[in-house]
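Here is the structure we will look at, set down as structure tokens.
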Amino acid sequence: MEAFVPFKSPRGIRDLLPDQQPLWRHVEDVAKETARRFGYQRIDTPVFEQAGLFVRGVGQGTDIVEKEMYVFKDRGDEELALRPEGTAPVCRAYLEHGMASLPQPVRLYYLSPIFRYERPQAGRYRQHHQFGVEAVGDGDAAVDAEIIELGWRFTQALGLRDLTLVLNSIGDKACRPAYLDSLREHYRTRLADVCTDCRMRYERNILRVLDCKRTDSKCQEVAESAPRISERLCDACRAHWRQLVSFIEALGIPYRVNHRLVRGLDYYTRTVFEIQPPDEGSQSTILAGGRYDGLIEELGGRPTPGIGFGTGIERLVANLERQGKETDVAAARPDALVAYMGAAAKEHAIKLASELRQQGLSVLLAPPGKSLKGQLRHADALHARAVLILGEDELTSGTVSVKDLATGEQQRVERGEVGGALLRSN
RNA sequence: GUGAGCGUGGCCAAGCGGUUAAGGCGCCAGACUGUGGCUCUGGAGAUCGAGGGUUCGAAUCCCUUCGCUCACCCCA
């Protein structure tokens, strides 16, 4: 017989307790409001999709697909996957619902859970939540600027300080292949100087050697001396990039160009960007995104440009807490607790609580078997504003004793007047 | 997947080989019978993550395992 082990939440997956709700609601409210101002509409896609959507969209060789997806078969033997990122499902919905026939670009946002089978760590969980924004159907740099501005305004509205916007362009089908060749050429003769991870990246995804952070080998040196993609962009990509930078400057958003910024998902083209907090955490990136002009086509649609970003609520909240952000939202307090004495009063108490709730008040019934003193203590512990007392005296006179817990004042009120009295004192 | 640190009641936390495992918070109750918050008193609640070993004796030492945390990889 196995010893009984109490259940726990799965590894890397946590509860969001009542204490933390106000700050979370605040972040979500700011997200919704920012999206509204920019004309983005909410979309909710399912928590799971056909696994193939991500294999196709995100890329066969990516870590997300290769080792981080929660995949399972349903009873009909369909291969499904818990959503490991937000963009591919939105693009799937764009195609599935014929959004190509809507005015372009289609501006969408979502707030949804994301699942990745990773080793949990500070700011990283197997289930996390993203606020994501996508503009599909317009390849103009003005849309890049709009998306980036949306992300920037969002973080500013939350009150996050000292953030850095980092920009780069990684080219497109026209210019990237040649660049990758020159990058490979640069590394070919220097593989011995570089870490084992970089040697692996050299084989698997050469672009990623650029964002190696190791300092115990010559990776930094080799990466710095590598050819820069910004100098190898084709005319179209270069023009796009120049426009984007001028728009960002016109908007007065501070930014830094990092020619070594690349992103891990296969679908990115041209613009990639991140917003990073000041402290040098390892997974500190708070918001990240880019353009994905080939994705819709990859998913079976007509060639359609798109751009978007995702931002992790857990990381936003962590940064807000680190900044000492107060949860200014008052914790939910019951308006009243109904205390009663004796079996006869209990039924009246239940009815009274019910009536008051129907008037819109937040009302709790005292727990059974407690003395009046105990019931008052209970009310105090729950931060109730008032206690309504029903005892023999009140029953015979058809009244209720209303005690205000802040002032300690108590008065008899006609049974029918209680709701009004409470509403007035709120 | 790799490496390191840590696992004592709901939470925080002493103890570091030797009688019934401190304390604080929280919870429950009492302090003259229908009255809170302060104070005082009392109470419930721990097989010291689990399994094995060393020892006369282990929460304390060793091994294994699970979990948590942090870092790497990668990512929000």
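Protein chains get the first letters and strands the later ones, always in sequence-line order, with residue 1 at the start of each.
- Of the candidate nucleotides B/rU35, B/rA76, B/rG36, B/rA76 has the atom lying nearest to any side-chain atom of A/Arg263.
- With A/Tyr40 as the fixed residue, the side-chain hydrogen bond (donor to acceptor under 3.5 Å, both in side chains) test singles out one of A/Glu134, A/Lys32, A/Glu146: A/Glu146.
- Residue-level contact check: A/Tyr125 touches the bases, meaning some heavy atom is under 4.0 Å from a base atom.
- Summarising the base pairing, B/rA46 is matched to no nucleotide, lacking a Watson-Crick or G-U wobble pair whose two defining distances lie under 3.5 Å.
- Under 3.5 Å, the side chain of A/Asp380 and the base of B/rG37 form no donor-acceptor pair of N or O atoms.
- In this structure, A/Arg107 forms no cation-pi arrangement with A/Phe38, as its terminal cationic atom is not both closer than 6.0 Å to the ring centre and no more than 45° off the ring axis.
- Taking the side chain of A/Ser371 as heavy atoms from C-beta on, and the options B/rG34, B/rG30, B/rC75, the nearest nucleotide is B/rG30.
- Checked against B/rC73, B/rA76, B/rC75, the side chain of A/Gln130 finds its nearest nucleotide in B/rA76.
- Nucleotides of RNA chain B nearest to A/Ser401 and A/His129 differ in position, and the one nearer the 5' end is that of A/Ser401.
- In this model, the phosphate group of B/rU33 is not approached by any side-chain N or O of A/Lys373 to a distance below 4.0 Å at OP1 or OP2.
- The side chain of A/Lys370 has B/rA29 as its nearest neighbour among B/rC75, B/rA29, B/rC74.
- Distance from the side chain of A/Arg377 is smallest to B/rG37 among B/rA76, B/rG37, B/rU69.
- Looking at the side chain of A/Leu372, the nearest of the listed nucleotides B/rC70, B/rG34, B/rA76 is B/rG34.
- No hydrogens or angles were tested; on distance alone, nothing pairs the side chain of A/Arg208 with the base of B/rC73 as donor and acceptor under 3.5 Å.
- Side-chain to base pairing of A/Arg116 with B/rC74: no donor and acceptor N or O lie closer than 3.5 Å to each other.
- No more than 12 heavy atoms of other residues, nucleotides or ligands lie within 6.0 Å of OH in A/Tyr117, so this atom counts as exposed by the packing criterion.
- Base pairing analysis places B/rG5 opposite B/rC68; the two distances defining the Watson-Crick or G-U wobble pair are each below 3.5 Å.
- The side chain of A/Asp197 approaches B/rC73 more closely than any other nucleotide in the set B/rG67, B/rA76, B/rC73.
- Between the base of B/rU2 and the side chain of A/Arg119 there is a donor-acceptor pair shorter than 3.5 Å.
- Between A/Glu33 and A/Arg37 there is a salt bridge, since at least one side-chain N of the basic residue sits less than 4.0 Å from a carboxylate O of the acidic one.
- Listed nucleotides: B/rC74, B/rA76, B/rG36. Nearest to the side chain of A/Asp63: B/rC74.
- An OP1 or OP2 oxygen of B/rA71 is reached within less than 4.0 angstrom by a side-chain nitrogen or oxygen of A/Gln121.
- Residue whose closest nucleotide on RNA chain B sits further toward the 5' end, between A/Glu85 and A/Lys67: A/Lys67.
- Using N1 to N3 plus N6-O4 or O6-N4 for Watson-Crick, or N1-O2 and O6-N3 for G-U wobble, each under 3.5 Å, B/rC40 pairs with B/rG30.
- A salt bridge links A/Arg260 with A/Glu224: the closest approach of a Lys/Arg side-chain nitrogen to an acidic carboxylate oxygen falls below 4.0 angstrom.
- Both tests do not hold together for A/Arg83 against A/Phe48: distance to the six-membered ring centre under 6.0 Å, angle to the ring axis within 45°.
- A donor-acceptor contact under 3.5 angstrom links the side-chain atoms of A/Glu394 to the base of B/rG34.
- Residue-nucleotide stacking is not present for A/His378 and B/rG36, judged by a side-chain ring centre under 5.5 Å from the six-membered base ring centre and planes under 30° apart.
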